[in-house]
2 protein chains.
Amino acid sequence: MKRKSFREAECPVARSLDAIGDWWSLLIVRDAFDGIKRFSEFQQNLGIAKGMLTTRLRDLVEAGVLNLAPASDGSAYREYVLTDKGRNLFLVIVALRQWGEDHLYREDEKHSVLVDADERNPVSRLTVYSADGRQLAWDETRIVAANGAQ
Amino acid sequence: MKRKSFREAECPVARSLDAIGDWWSLLIVRDAFDGIKRFSEFQQNLGIAKGMLTTRLRDLVEAGVLNLAPASDGSAYREYVLTDKGRNLFLVIVALRQWGEDHLYREDEKHSVLVDADERNPVSRLTVYSADGRQLAWDETRIVAANGAQ
DNA sequence: GAATCTAGTTCTATTTTAGAACCAGAATCA
DNA sequence: TGATTCTGGTTCTAAAATAGAACTAGATTC
């Protein structure tokens, strides 16, 4: 059967995953953050099948994450650029990156690092803060339902 | 063909997605943060097929995200609890939640809110900071490759 | 002791994904 | 200018992932 959709889910996490949770989507977005724009660049950089890339790019454009614009090199081709909505996925990518760095490499394995453009120092770790600036651990938070209950 | 694996990718984002990027995985983790522990609870809460849930839970245990422990109610059953590695996915979930809240609801639609347990105020937005405390936008960061180049 | 609940397993049907082959229009080369 | 190559796809097949129903053994409750 068709994969179950979360598009109309109550939970924002589920809706996000419905929009950008299929295989390849976030890697395409990651590449877009790294300046990749053209179909062939994505294809070669990711090693993805062309047919798959075609449908993923179409889906991401439909989802409002990417825009299809005239190529910036003046050619008759087009290129894919992040929309505002797409750029706002930056934190998702950074969170995935930090978790991966922390848990998915052996001691002796090197990995790339996200640094700030000016100082070239690694960015600091993401943290959840309360409205009044306290650091919050996962068990110091709660979900309040839409209706205000719980 | 078998879906392409990113387990040995250089990029931490790709490795993360390989580990927790398949359909349902992060929703199971989200439920675990909400205190869901038992097989039947996950199954009913998510509306997932039992067979799918079985393989996802097995994968997450294999990945070190969940642990299978004796049920806390004293029965002979068992329950799934987040490991340290799993708890560290909190930021990923929060980032997905905030993006979804911002971009995937109509004006008139309500959604649940993440609040701090004490004050019951919504948590503040995630932000990327430089080592010296400046807020960084996506285009104020760079990726430095593992070998130190670029 | 019987009925029900829990946590699965197994099966089939459909959808997704990977990969190769093909193709038309744009750009480059000679 | 014409031939060749590059770009950005489309189409096809085969294998894997997912959904859902049916079934089951052991634990718990009635």
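Everything numeric in this text was worked out from a predicted model, so none of it was measured. Within every chain, numbering begins at 1; the chains are lettered A, B, ... in the order of the sequence lines, protein sequences first and strands thereafter.
- We find the CD1-NZ distance between I48(A) and K50(A) to be 12.5 Å, quoted to the nearest 0.5 Å.
- The residue from T83(B), L57(B), V29(B) that alone fulfils the side chain to side chain contact (heavy atoms under 4.5 Å, CB included) condition with L66(B) is L57(B).
- Non-hydrogen atoms lying under 4.0 Å from DNA chain C are contributed by A49(A), M52(A), R56(A), all within residues 47-68 of chain A.
- R78(B) is linked by a salt bridge (charged side-chain N to carboxylate O under 4.0 Å, His left out) to nothing, counting only residues two or more places apart in sequence or in another chain.
- Across the protein-nucleic acid pair, Q43(A) atom CD and dA21(C) atom C1' stand 14 Å apart, rounded to whole Å.
- In the region residues 9-37 of chain B, proximity to DNA chain C at under 4.0 angstrom, judged on heavy atoms, holds for none of the residues.
- When the salt bridge (charged side-chain N to carboxylate O under 4.0 Å, His left out) test is applied to E8(B), no partner is found at least two apart in sequence or on another chain.
- If you check the side chains of E79(A) and S72(A), you find a donor sitting under 3.5 Å from an acceptor.
- The salt bridge (charged side-chain N to carboxylate O under 4.0 Å, His left out) pairs that include a residue from residues 90-112 of chain B are R15(A)-E109(B), R97(B)-E101(B), D102(B)-R125(B), R106(B)-D108(B), R106(B)-E109(B), where partners are two or more places apart or lie in different chains.
- In terms of the side chain to side chain donor-acceptor pair (under 3.5 Å) criterion, residue partners of D22(B) (sequence neighbours excluded) are, by chain and number, R3(B), S25(B).
- In this view, S124(B) satisfies the side chain to side chain donor-acceptor pair (under 3.5 Å) rule with no residue, not counting sequence neighbours.
- Using a 4.0 Å cut-off on heavy atoms, the residues of residues 73-82 of chain A that approach DNA chain C are S75(A), A76(A), Y77(A), listed by number.
- A ring-centre distance under 6.0 Å is not found for W24(B) and F42(B).
- Rounded to a whole Å, the NZ atom of K2(B) is 13 Å from the C1' atom of dA18(C).
- For residues 50-103 of chain A, the ring-ring contact (aromatic ring centres under 6.0 Å, His included) pairs, not counting sequence neighbours, are F33(A)-F90(A), W99(A)-H103(A).
- A search for side chain to side chain donor-acceptor pair (under 3.5 Å) contacts involving N45(B) returns D31(B), not counting sequence neighbours.
- For D34(A) (side chain) and I36(A) (main-chain N/O), no donor-acceptor pair under 3.5 Å exists by modelled atom type.
- Heavy-atom contacts of chain A under 4.0 Å fall on DNA chain D between two terminal nucleotides, which in 5' to 3' order are dC6(D) to dG20(D).
- Applying the side chain to side chain donor-acceptor pair (under 3.5 Å) rule to R134(A) yields the partners D132(A), D116(B); only residues at least two apart in sequence or on another chain are considered.
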